[in-house]
Amino acid sequence: MSDLYQLLNVERGASQDEIKKAYRKIARELHPDVNPDPEVQNKFKEVTAAYDVLSDPQKRQQYDMGGRGGFNDFGGGFGGGGFSDIMDAFFGGGGNRGPRARMRQGQDALIRVQVTLAEACFGTDRELTIESAVVCPTCTGSGCTSGTAPSMCQVCKGRGETQQIQKSFLGQVMTSRACATCSGFGTVIQDPCRECAGEGRVRARQTIPVKIPAGVETGNRMQLAGRGEVGAGGGPAGDLYVEIIEEEHEFLVRDGDTLHMEVEISFAAAALGTKITVETLDGQSEISIKEGTQTGSTVALKGHGMTRLRSNSRGDLIVHIVVMTPTKLTRDQEKILKEFAKSRGEVVGDSHTKGKNQSFLGKFRDSFGR
Ligand SMILES: [Zn+2]
Ligand SMILES: [Zn+2]
């Protein structure tokens, strides 16, 4: 399958506006009114299908995660989603008469998968066990006992519909409806398969290996083409969507590709400066605390944040410093602190305060909705 971004001649990170412009430009050159050559027309359809995916943020995200995003390269380039509806509108897909097919397109299925923050960052391989409809192994989808085949419905003579003539005030009106005997199929299964009762499919447990890419987050959906439910009559399977749910981390808070954490240091360390070791997704990292560090100040660990989807680059880890005021002082320590304050000309012991008392922790949690 061709790369959709290449088809439209845009960068991976292109904005919706750029994508629209790029499509307009190509469409002007390839439009059927301008260039009726069949080869050019195939290209036009392909580009249109690519635009159908990339112009829809949800489909685009699915595509970015390795799915097709509704883009179907089977049989010439398109078929899923809105585009086929447009084609139907032009070429008349509706209104066809005759018996309906036993074989139907299967349903899409959705499964949710919990991943840890580290798995979301680095990607992971999972084996998912799902219960789904599969082709009946006994009749391989035909719905008939081995050696038999559906026979023509005697009531509708294979047309799948019956006609009635009714008298109305407009005169005689002929109405047709689906044949009740064969449910509109035009054929009857005389000897249905015992395993699936003629459905052509059965429910079964399946184990499906799934590669979860680095950089996913809650709500992301991966599309596994053809891994959904098999349709009635052994029809083609729908797609399986795997939705990511990211577990909350013990001390790391995610905001897009940036991670945040809080580190408490003593007020002496904050005043004098120090080196501390913090736990990150990549193991331990040492950071320097400058002398005179205030509570609420931050240190950025470049490249220790989350991986960006479909890219090797990573965001930053922001370490928020919380300076702890010492409590439970011994008499000696109290004495030293008082002398310290005196030496700086600070008044100790009265209740005079100056605003700014909203706790940093509260602000931090509020801003990330935790
Ligand atoms: Zn069967
Ligand atoms: Zn019938």
Side-chain angles (χ1 to χ4, degrees), residues 67-68 72 74-75 79-80 84-85 87-89 91-112 126-210 222-242:
R68 294 175 310 166
N72 190 352
F74 180 75
S84 61
D85 297 343
M87 298 306 274
D88 276 354
F91 303 114
N96 37 345
R97 287 285 165 119
R100 64 194 185 102
R102 280 190 185 277
M103 209 182 250
R104 309 296 294 262
Q105 169 74 39
Q107 297 279 317
D108 293 340
L110 172 70
I111 184 169
R112 294 189 169 89
R126 280 290 177 84
E127 299 243 296
L128 303 179
T129 304
I130 59 163
E131 197 178 288
S132 177
V134 299
V135 174
C136 172
T138 304
C139 64
T140 60
S142 74
C144 306
T145 299
S146 172
T148 69
S151 55
M152 192 180 80
C153 172
Q154 292 305 312
V155 175
C156 64
K157 305 279 180 246
R159 285 193 309 269
E161 57 186 18
T162 49
Q163 268 133 15
Q164 282 96 18
I165 292 172
Q166 288 178 319
K167 284 194 175 119
S168 79
F169 65 93
L170 293 170
Q172 287 195 336
V173 181
M174 192 162 77
T175 57
S176 50
R177 58 182 60 166
C179 170
T181 306
C182 63
S183 309
F185 293 128
T187 56
V188 178
I189 295 178
Q190 300 286 3
D191 199 0
C193 166
R194 269 181 291 268
E195 183 162 359
C196 64
E199 259 282 288
R201 55 179 180 170
V202 289
R203 297 203 75 80
R205 239 163 219 281
Q206 284 178 288
T207 304
I208 298 175
V210 177
M222 290 154 42
Q223 183 185 29
L224 305 183
R227 302 311 290 264
E229 295 196 349
V230 161
D239 297 336
L240 174 66
Y241 289 90
V242 179

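Residue numbers count from 1 along this sequence. For ligands, and for the atoms within them, numbers begin at 1 and follow the listed sequence.
- Between C179 atom SG and C182 atom SG, the angle centred on the Zn ion (ligand 2) amounts to 100° (nearest 10°).
- The existence of a salt bridge linking E131 and R203 is confirmed by a sub-4.0 Å separation between a basic side-chain nitrogen and an acidic carboxylate oxygen.
- Side-chain contact between P137 and V202 is present, with at least one heavy-atom pair separated by less than 4.5 Å.
- Centred on the Zn ion (ligand 1), the SG atom of C196 and the SG atom of C193 lie at an angle of 110°, reported to 10°.
- Listed for the R102 side chain is a donor-acceptor partner under 3.5 Å among the backbone atoms of T187.
- No side-chain donor-acceptor contact under 3.5 Å links D239 to the backbone of Q223.
- At a cut-off of 2.8 Å, C136 is counted among the residues with an N, O or S atom near the Zn ion (ligand 1).
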